[in-house]
Amino acid sequence: MRILITGGAGFLGSHLCERLLAEGNEVICLDNFYTGRKENIRHLLDDKNFELVRHDVIEPILLEVDQIYNMACPASPVHYQYNPVKTVKTSVMGAINMLGLAKRVKARILQASTSEVYGDPNIHPQTEDYWGNVNPIGLRSCYDEGKRLAETLMMDYHRQNKVDTRIVRIFNTYGPRMLENDGRVVSNFIVQALRGDELTVYGSGEQTRSFCYVDDLVEGIIRLMNAEAEDIHLPVNIGNPGEFTMNELANEVAKAVGKEIKITHLELPQDDPKQRQPNIERANNLLNWQPTIPLAEGLKKTVAYFAKRVGTLKNASAKT
Ligand code: NAD
Ligand code: UDP
C-alpha cells in the first residue's frame, strides 16, 4: 500500500513511518518541521519505499495514496500554545485538506485525536461516549477544540461523502524521539533527572495521567486503521490504563535513572486536567488490543534514549 503520514517527522509519526515501511509499504512522510526533526527519519531516507515531502497541511496537496494517517499537529502544551491560531489552523484546515484528499482518491483516513477532547473530565476512567468538559476559551482550547472539530469533520465527511474514516483518541504517550525541551512531563522529568536538576512538579503533583509506551500506541493505531466493523468510524481510546500521580511518576523516573532526585513545585498551568485514565474496552473488543509495556519498562527504554541524547548535546555545547 502507499501510505501518507502527515507529521511523519514527529515523535509518533516517525515510529509509524518506521513500522509501516518495515511491513513492506510505500510511505510518504509529510511534515513542515514545526516540532518534527529530520533526525527522527534520517535513517529512513535511503529506503526506496520512503519519500519525504516538506509541506504544511494548512495548504491542500495532490497525491495518490491508499491510506492517510493525519498526525500533523504540535502535541505538547508549550508548543501548541506558542502560536495558538496556527494550532487551530493545523487541526481544522489540516483535517479538511486531508479529508478532501481522502475523498478524491478514495483513501482511508485516520485522524490522530486526543484524550484532551475530554478536557478536565467529570467521569473516570473516560469512555468514548463521554462528551467531555472542555473550556472553549482557555489556553488549552486551541488544541482541545481544534481536535474536537477535526473529529466533527471526520464524522461529517463520513456521513456526507462516505469517506472511510477512523478516529483514535490518543492518551499520553512517551518514548524515544520525544523532544528533550518540549515541556511534556515524561521528557522533562527524565532530562532533569539525568542532568541532576530538580524535577519540576506542577501544582501539588496529585493530578494523574496514564502513560502509554510508543510501541504499544503504534500497534493500536495500525490495528484501528486496518480494522473493519459497523461502528469502526466512531472514536477509539488508545492508551495504557495504568494511572499515576505526577509525584508517583517522579519516583518511577528516579528508579529508572537510578539516582536520588529532588523535587521543586511550580505553579499548576491553567485548566490542567486533574485526572485522566482511558477505558480501553472498545479497543480491546474491536481490535483485540491492549498495552503490553508497563511504565517501569518503558521508562527504562526512554531513559536509555535520553541518556545518549543528553550526552551528545553536552558534547556539542562543550565544542562550541
Ligand atoms: P510531535 O510534535 O512530535 O509531532 C507532530 C508533527 O507534526 C511534527 O513533526 C510537526 O513538525 C508536524 N506538524 C505540525 N504542524 C504541522 C503542519 N501545519 N503541517 C505539517 N506538519 C506539521 O507530536 P506527537 O507526540 O508525535 O503527536 C502526533 C499526533 O498525535 C498529534 O496530532 C497529536 O495531537 C497526537 N497526540 C499525541 C499524544 C502524545 O502523547 N504524544 C497524545 C494525544 C494526541
Ligand atoms: N507536568 C509537571 N511537570 C512538568 C511538566 C508537566 O508536573 O515539568 C504536569 C502537568 O501539569 C500535567 C502532567 O504533568 O498535569 C502532564 O503534562 P503534559 O504536558 O505531559 O501532558 P498533558 O497535560 O497534555 O496531559
Side-chain angles (χ1 to χ4, degrees), residues 5-17 29-38 40-41 53-59 61 69-81 83 86-95 97-98 110-118 120 140 143-144 146-147 150 168-175 177-179 182-192 197-212 214 217-218 221 237-239 244-247 249-250 263-276:
I5 304 174
T6 75
F11 162 48
L12 297 181
S14 62
H15 285 276
L16 201 51
C17 287
C29 164
L30 181 157
D31 209 294
N32 70 349
F33 297 104
Y34 187 54
T35 50
R37 290 183 290 209
K38 269 237 177 92
N40 287 344
I41 43 149
V53 180
R54 182 186 280 264
H55 180 81
D56 195 310
V57 290
I58 286 176
E59 304 296 337
I61 189 164
Y69 289 84
N70 190 27
M71 311 297 290
C73 187
S76 119
V78 173
H79 286 145
Y80 70 63
Q81 288 170 22
N83 185 344
K86 175 80 186 190
T87 301
V88 174
K89 284 187 186 169
T90 294
S91 267
V92 176
M93 294 165 72
N97 287 328
M98 289 309 124
L110 177 143
Q111 173 65 40
S113 183
T114 168
S115 52
E116 293 280 333
V117 300
Y118 302 121
D120 191 6
R140 296 174 85 99
Y143 184 72
D144 301 7
K147 290 289 186 180
V168 59
R169 290 187 180 151
I170 302 171
F171 282 64
N172 297 61
T173 300
Y174 68 99
R177 301 201 198 122
M178 292 180 91
L179 283 174
D182 83 357
R184 284 187 266 192
V185 68
V186 174
S187 42
N188 268 10
F189 281 4
I190 291 179
V191 171
Q192 289 161 348
D197 294 341
E198 292 178 329
L199 270 58
T200 53
V201 171
Y202 300 163
S204 67
E206 286 306 296
Q207 69 274 31
T208 67
R209 294 292 186 274
S210 305
F211 299 99
C212 186
V214 59
L217 190 279
V218 165
I221 62 179
N237 289 340
I238 299 279
F244 295 83
T245 67
M246 296 312 105
N247 294 322
L249 177 69
I263 285 178
T264 178
H265 286 270
L266 301 180
E267 203 181 328
L268 189 69
Q270 189 192 93
D271 292 338
D272 201 278
K274 285 185 270 310
Q275 54 181 1
R276 184 180 291 156

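Note that the structure is a prediction, hence the values are computed from the model and not measured. Remember, it's 1-based here, ligands and their atoms both numbered in the order they're listed.
Within ligand 1, counting atoms from 1 as listed, the ones closer than 4.0 Å to a heavy atom of Phe33 are 11 (O). Every atom of ligand 2 is numbered from 1 in the order shown, and the set under 4.0 Å from a heavy atom of Pro269 is 11 (O). Close contacts of ligand 1 with Tyr143, meaning ligand atoms under 4.0 Å from a residue heavy atom, involve 33 (C), 34 (O), 36 (N), 43 (C), 44 (C). Residue Gly7 approaches ligand 1 through these ligand atoms, each under 4.0 Å from one of its heavy atoms: 6 (C), 7 (O), 9 (O), 12 (C). For ligand 2, the atoms sitting less than 4.0 Å from at least one non-hydrogen atom of Glu116 are 22 (P), 24 (O), 25 (O), numbered in the order shown with element in parentheses. Residue-ligand proximity, Met71 to ligand 1, at heavy-atom distances under 4.0 Å covers atoms 28 (C), 29 (C), 31 (C), 32 (O). Within ligand 1, counting atoms from 1 as listed, the ones closer than 4.0 Å to a heavy atom of Gly36 are 8 (C), 9 (O), 10 (C), 11 (O). Against a heavy-atom cut-off of under 4.0 Å, Gly183 is close to the following atoms of ligand 2: 5 (C). With ligand atoms numbered from 1 in the order given, ligand 1 contributes 19 (N), 20 (C) to contacts under 4.0 Å with heavy atoms of His55. Those atoms of ligand 1 that come under 4.0 Å of a heavy atom in Lys147, given as number and element, are 31 (C), 32 (O), 33 (C), 34 (O).
Among all non-hydrogen protein atoms, the one lying nearest atom 20 (O) of ligand 2 is Val185 N, 2.8 Å. In terms of protein heavy atoms, atom 14 (C) of ligand 1 is closest to Cys73 N, 3.6 Å. The single protein non-hydrogen atom nearest to atom 15 (O) of ligand 2 is Asp272 OD1, 2.5 Å, given as residue, atom name and distance. For atom 19 (N) of ligand 1, the closest non-hydrogen atom of the protein is Val57 N, 3.0 Å. In terms of protein heavy atoms, atom 4 (O) of ligand 1 is closest to Gly10 CA, 3.5 Å. With hydrogens left out, the protein atom closest to atom 1 (P) of ligand 1 is Thr35 OG1, 3.7 Å, a heavy atom. Nearest non-hydrogen protein atom to atom 23 (O) of ligand 2 is Arg140 NH2, 2.9 Å. Given atom 3 (O) of ligand 1, the protein heavy atom at minimum distance is Phe11 N, 2.9 Å. Among all protein heavy atoms, the one lying closest to atom 21 (O) of ligand 2 is Asn172 ND2, 3.4 Å. Regarding atom 23 (O) of ligand 1, its nearest protein heavy-atom neighbour is Ala75 CB, 3.5 Å. Here the heavy atom of the protein found nearest to atom 3 (N) of ligand 2 is Thr200 O, 2.5 Å. Summary of contacts: the protein heavy atom closest to atom 13 (C) of ligand 2 is Met246 SD, 3.7 Å. In terms of protein heavy atoms, atom 43 (C) of ligand 1 is closest to Ile170 O, 3.1 Å. In this structure, the protein non-hydrogen atom closest to atom 44 (C) of ligand 1 is Ser113 O, 3.3 Å.
Taking each of Tyr174, Phe244, Tyr202, Phe189 in turn, the one with a heavy atom nearest to atom 1 (N) of ligand 2 proves to be Tyr202. Considering only non-hydrogen atoms, atom 21 (N) of ligand 1 lies nearest to Asn32 out of Thr173, Asn32, Leu12. Of the options Lys86, Arg184, Glu116, the smallest heavy-atom separation from atom 41 (N) of ligand 1 is shown by Arg184. Of the candidates Leu217, Asp31, Ile41, Asn172, the one placing a heavy atom closest to atom 9 (O) of ligand 1 is Asp31. Of the candidates Glu206, Arg209, Lys274, Arg209 brings a heavy atom nearest to atom 16 (C) of ligand 2.
Of all the heavy atoms in Thr87 and Cys73, the pair that sits closest is CG2-SG, 4.4 Å. Contact between Val201 and Gly205 at its shortest, heavy atoms only, is CG1-CA, 3.4 Å. Residues Asp182 and Ser187 share a closest heavy-atom pair of OD1-OG, 3.6 Å. Considering every non-hydrogen atom in both Gly8 and Cys17, the closest pair reads O-SG, 3.7 Å. For Leu199 against Ala250, the heavy-atom pair with the smallest separation is CD2-CB, 3.9 Å.
No donor-acceptor distance shorter than 3.5 angstrom exists from the side chain of Gln111 to the backbone of Ala95, with no hydrogens or angles considered. Checking side-chain atoms of Ser210 against main-chain N and O of Arg276 turns up a donor-acceptor pair under 3.5 Å.
Only side-chain heavy atoms of Gln207 come within less than 4.0 Å of ligand 2; its backbone N, CA, C and O stay farther off. Within the 4.0 Å heavy-atom criterion, neither part of Pro273 lies near ligand 2. No part of Ser76 comes within 4.0 Å of ligand 1, judged by heavy-atom distances.
With rounding to the nearest 0.5 Å, the separation of CZ in Arg169 from OG in Ser115 is 10.0 Å. Here OG1 of Thr208 is found 6.5 Å from CE of Met246. Values are rounded to the nearest 0.5 Å. Taking CG of Asp197 as the reference point, atom CZ of Phe189 lies at 13.0 Å (rounded to 0.5 Å). Rounding to the nearest 0.5 Å places CD1 of Ile41 at 12.5 Å from NE2 of His15. Here NZ of Lys147 is found 4.5 Å from OG of Ser91. Values are rounded to the nearest 0.5 Å.
Below 30°, between 30° and 60°, or above 60°: for Tyr174 and Phe211 the angle between ring planes is above 60°, a perpendicular geometry.
Between Pro74 and ligand 1, no pair of N/O atoms sits closer than 3.5 Å. The shortest N or O to N or O distance between Pro77 and ligand 2 is not below 3.5 Å.
Taking 4.0 Å as the cut-off between side-chain N and carboxylate O, Arg140 and Glu116 count as a salt-bridged pair. A salt bridge is defined here as a Lys NZ or Arg NE, NH1 or NH2 lying under 4.0 Å from an Asp or Glu carboxylate O, and Asp272 with Arg209 meets this definition. With respect to the salt-bridge test (charged N to carboxylate O, under 4.0 angstrom), the residues Asp56 and Lys86 qualify.
Residue Arg276 places a heavy atom under 4.0 Å from ligand 2.
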